[in-house]
Amino acid sequence: MENISEEKVRAYWESSKVFQANPSEKEKVFITAAFPYPNSPQHIGHARTYTITDIYARYNRLIGKNVLFPMGFHVTGTPIIAMAKRIEEGDEDLLKIFEEIYGIPKEKAKSLTNPKDLVLYFSKEIEEGMKLLGLSIDWRRKFYTFDPHFNKFIEWQFLKLKEAGFIEKGEHPIPWSVKLNSPIGAHDTKGDVDPEIEEITGIKFEFGDSYLVAATYRPETIFGVTNLWINEEEQYVKVRIKGENYIFSKKAYEKLSHQLEGEILESFGGSYLLNKKAKHPLSKKEIPILPASFVKGGEGTGIVMSVPGHAPYDYVALRDLGKLEELKPLKIISSSLSVEEVVEKLGIKEQTSPKLEEATKLIYKEEAHKGKMLIESYKGMLVKEAKEKVKEDLIKEGKAIRIWVIANSPVYTRAGDEVVVKLVKDQWFINYGNPSWKARVREHFEKMKIIPPSLKKQFLETVEWLERKACTRSSGLGTRFPFDKSKMIEALSDSTIYMAFYTISHKIKEFSPKELDEAFFDYLFLGKGTPKNALHKSLREEFLYWYPLDSRHSGADLVRNHLTFFVFNHIAIFPKELWPKQIVVNGFVLMEGKKMSKSLGNILPLKEAIKKYGADAIRISVAGTSDLLQDSDFYRSVAEGVKQRLSFFKNLPKSHPKLENSEKEKIDLWLESKLNRKIKGVFKKYEEFQLREIILELFYEMYEEIKWYLQRVKTPKLREFLKKWSLALSPFIPYTAEAIWFELEGKGIEGEKLSWEEEKINLDREKAEEVIKAILLDVENIRKLANKKGEKLTICLALDWKFDFLSLLSKEKNMEKIQQKIKEGEKHLIGEKLKLLSKLRKELHKIESPPSKEILKEHLEDAKEFLEKQLQLKVEIVEEETLTHPKAKQSLPTKPALILE
RNA sequence: GCAGGGGUCGCCCAGUGGUCAACGGCGCUGGCCUUAGGAGCCAGUCCCUUAGUGGGUUCGUGGGUUCGAAUCCCACCCCCUGCACCA
């Protein structure tokens, strides 16, 4: 006989519309997972967040809630365009990956040169994969972030942000390629290096009608400047920028010109500057311009300020010139390390010495950590604070400028030119730095349920750390920025409140995009004004039914950006009662212990995995085998094991026909107790996302227990067990659960509520069974050690008082009180009890109450036949007092003495 | 550098004051099953001891708190992640 296939179960879900959620009388739960970005097919790694979300959705249905779990596609930004472009260029590596790993025919892949075609193709792929995986999604609500209706919604979002004063315009430095005339990310560079931008300070030293701009990482050392350094071999230029003349090295300015636009007035060799004087911006003292070989024309500004008191390079260079007497090093920072000593100790002879690097590090580390300023207006301030303060003060007074450099330079683009920093004007920002906004967000985070809870700290940190975030880009898919239509809204900014859109996305298409103006959404989401018509009103009602969002799910990589923005934006736009309630974060999926990557070729496509192991096995493998935040490791052998166990459970109705009406045995009571107790505990585990625990207890352990049960029982009665068990695990294994229910009941699990029967939980029964298991093991041990098989086993049940006494010890841990109780008891037992107490003293804290003697006895008698069969022995169960064998005295309630003869 | 997380029995990984010599998986050893292999099942896997319920030494290193610590505190060493305008 064939099992009910996944396909049939899926067809049932489809036709019964069980996942299409509509407002009702029932209590609602609204759940979303971060929507996928369809620029390539999905692999098992993608399955984790969605499976976890689905488990939660299905769990909530199982406890009678009306659950909405929708899905859409995020297509905003440049990666899709970049992918289409790579295809258009005929990127062989890419086409090979598509063909060999994902099985996409080359011809098909090659045709995806239009971003929209690409999106449609991959989103269809992904949707199919999600359906195969058994995700209980309401697909009627699907949308793409380039849909005109969605665009209108995002425009409205930005109108609201602007209204609240959170949208700002300003300048912003970005990595830039002159040759490509575009911003540069890691994927545009040779070797995929991420160009890092770093701010340095350019300090202005008066020089005739111009300023020599010295670049420094340590503006606080301005007070110790004795001279300037240049490289006499280099060319220098005088540039007019915003009405002032600046001097840089020529090579440096070539790079800086993209952030400091100006007109080159003249050009001259370094020797022109040599030995002339410049004015210190603070003291106005004249300081000489001297040559140093360590000054590189292409770095910084090509001009360096000399602080011999705190910089080994400067000290040694001055010494080389014999000018240490004339230009005495100034001590402006207190520190236990002095430059002289370090240079001396390392034996540095001249400015070309490679050891200078080390010396600089030593000095810098010491001063940055422990150093304090000695200079009047900053006296006593820690260096790391003074650094910022001095910089800001200098800039404010017009004595310095901000300069950005590529910190890990040189970085080269794929086109071959060096990445420079460009200052983008007209850059728009969302100002997450706004203090009152932050305060409200902080407050809400404190109240929100964050799972796992340990992440709350990280969220709060992120809130503190966020400043303004650039929200527009010059190109990409998505929504045009309403206040400057030449720009596109960037991808992390248009995905912050889209969950609200799901609540009405299936109905809003009835309106034309033109109708979706500010007033439309103001009414829909904020209840302002009046509805346009009945449909409009019903949208509002549906929105209010589902909102607020009850649970937001995503991978751990989105904590510091998306998830935090998501909360920020909700707080900015919606009233308090509609703010999100819970965030659930999960780790990634590794493949056989390694990160999945194209270069390793260890990517397992989702569809292939499902085909091979079945959806339920994949669901357990990605969601139930590791802790939530931990990266879960996908092992084929584990998936294989899960698959086999699942089919064992699934086949039980056939291998052990329904004999539920035959008389109950003691072991049946044991199984009932186990099952009901586990189900009782599972609710909390679902709520807290202790998914690994659930799988451990209800899947792996249950499997062992059923195996044991089948050994123990005479006629297996599994019908009720299977129904309950599959229901409890149905969030993980919906296909198996439905199949079992169809098999047993001729119907699906829809509408069934998970419950347990408290009266069936019987710990005594479970403990008694543990004794049986222990006896088997002990006999085996004894046989091994004694090296004899034996013919007869005598199990001797402990004396009554021992049961009572252990029961007392399980409750009373105070020695004095125990002793008192002993003395109050029967006189002739005092000695024995004290003896036993001293023996058990060490493990007193872990003594549990024993099962009742009646149940234990009954259970042992019941298992006698089983024991005899298993051990091939004659078994006798007797009371301790009937024996004279010395071993008999050792009997304890849960450890009956065993005598093997 | 700043921030967050982490170092556990060959490996991966649970465990936040006593039920911990420490879950689970992998690996390894022995047994069952099988024509055989694989899979599956059972048992073992820190050391010593013992016809089973006994003892010793462990949880990055070194100190401390406690009747009691993998778990709390202090110091140190090492590792991972993020530092944005990118999805």
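Every chain is numbered from 1, with letters handed out A, B, ... down the list of sequences.
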Rounded interatomic separation in angstrom, taking [atom1] from [X] and [atom2] from [N]:
| X | N | atom1 | atom2 | result |
| --- | --- | --- | --- | --- |
| Lys391(A) | rG1(B) | NZ | C1' | 14 Å |
| Arg692(A) | rC13(B) | CZ | C1' | 7 Å |
| Tyr700(A) | rC13(B) | OH | C1' | 13 Å |
| Glu388(A) | rC2(B) | CD | C1' | 12 Å |
| Arg468(A) | rC85(B) | CZ | P | 13 Å |
| Ile695(A) | rA14(B) | CD1 | C1' | 16 Å |
| Lys469(A) | rC83(B) | NZ | P | 11 Å |
| Glu171(A) | rC85(B) | CD | P | 17 Å |

Could you give the distance separating [M] and [N] at their [atom1] atoms, to the nearest angstrom?
| N | M | atom1 | answer |
| --- | --- | --- | --- |
| rA39(B) | rG54(B) | P | 37 Å |
| rG62(B) | rC11(B) | C1' | 28 Å |
| rC79(B) | rC12(B) | C1' | 16 Å |
| rC46(B) | rG24(B) | P | 13 Å |
| rU58(B) | rC20(B) | C1' | 11 Å |
| rU81(B) | rC41(B) | P | 37 Å |
| rC47(B) | rC9(B) | P | 14 Å |
| rA69(B) | rU57(B) | P | 12 Å |

Are any of the side-chain heavy atoms of [X] and [Y] separated by less than 4.5 Å?
| X | Y | result |
| --- | --- | --- |
| Asn434(A) | Phe568(A) | no |
| Val119(A) | Phe73(A) | no |
| Leu729(A) | Ile694(A) | yes |
| Phe459(A) | Leu563(A) | yes |

Opposite nucleotide pairing with [N], Watson-Crick or G-U, both atom distances under 3.5 Å:
| N | result |
| --- | --- |
| rU16(B) | none |
| rG68(B) | none |
| rC83(B) | rG1(B) |
| rU61(B) | rA75(B) |
| rC28(B) | rG44(B) |
| rC33(B) | none |

First of Glu780(A) and Leu455(A) reached from the 5' end of RNA chain B, by closest nucleotide: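 That would be Leu455(A).
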Mapping Lys707(A) and His172(A) to their closest nucleotides on RNA chain B, which lands nearer the 5' end?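 In this pair, the answer is Lys707(A).
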Give one of base, sugar-phosphate or nothing for [X], where a contact means two heavy atoms less than 4.0 Å apart.
| X | answer |
| --- | --- |
| Leu466(A) | base |
| Pro195(A) | nothing |
| Glu701(A) | nothing |
| His562(A) | nothing |
| Thr76(A) | sugar-phosphate |
| Tyr703(A) | sugar-phosphate |

Let's go through Phe158(A) and Phe483(A) carefully: what are the C-alpha distance in whole Å and the side-chain angles of both, what is the deciding distance for ring-ring contact (aromatic ring centres under 6.0 Å, His included) to 0.1 Å, and is it a yes or a no? CA-CA 9 Å; Phe158(A) 276 80; Phe483(A) 313 112; 7.6 Å; no
Let me have the donor-acceptor pairs involving side chains of residues 768-777 of chain A, under 3.5 Å, with sequence neighbours excluded, atom names and distances please.
{"unit_1": "Glu769(A)", "atom_1": "OE1", "unit_2": "Arg712(A)", "atom_2": "NH2", "d": "2.9"}
{"unit_1": "Glu769(A)", "atom_1": "OE1", "unit_2": "His859(A)", "atom_2": "NE2", "d": "2.4"}
{"unit_1": "Glu769(A)", "atom_1": "OE2", "unit_2": "Trp708(A)", "atom_2": "NE1", "d": "2.7"}
{"unit_1": "Glu769(A)", "atom_1": "OE2", "unit_2": "Arg712(A)", "atom_2": "NE", "d": "2.8"}

Would you tell me if any nitrogen or oxygen in the side chain of Arg473(A) comes within less than 4.0 Å of OP1 or OP2 on rC86(B)? yes
Does Thr78(A) have a side-chain nitrogen or oxygen under 4.0 Å from the phosphate oxygens OP1 or OP2 of rA87(B)? yes
Using a 3.5 Å distance criterion without hydrogens, assess whether the side chain of Glu171(A) forms a donor-acceptor pair with backbone atoms of Gln427(A).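 No, the answer is negative, given that no donor and acceptor are paired below the 3.5 Å cut-off.
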RNA chain B contacts among residues 625-645 of chain A, heavy-atom distance under 4.0 Å: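 Of all residues in residues 625-645 of chain A, the ones placing a heavy atom under 4.0 Å from RNA chain B are Asp627(A), Gln630(A), Val638(A), Gln644(A), Arg645(A).
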Compare the minimum distances between each of [options] and the side chain of [X], then state the nucleotide with the smallest one.
| X | options | result |
| --- | --- | --- |
| Asp778(A) | rC85(B), rG52(B), rG4(B) | rG52(B) |
| Leu696(A) | rG52(B), rG24(B), rC83(B) | rG24(B) |
| Glu461(A) | rA51(B), rA87(B), rA3(B) | rA3(B) |

Can you tell me which residue pairs pass the salt bridge (Lys or Arg N to Asp or Glu O under 4.0 Å) test with a partner in residues 487-496 of chain A, sequence neighbours excluded?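 Checked against salt bridge (Lys or Arg N to Asp or Glu O under 4.0 Å) - neighbours excluded - the pairs reaching residues 487-496 of chain A are Lys469(A)-Glu490(A), Asp484(A)-Lys487(A).
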Does Lys389(A) pair with Glu220(A) as a salt bridge, N-O distance under 4.0 Å?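 No, this pair does not count.
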Among Glu705(A), Glu697(A), Glu693(A), whose salt bridge (charged side-chain N to carboxylate O under 4.0 Å, His left out) with Lys678(A) holds? Glu705(A)
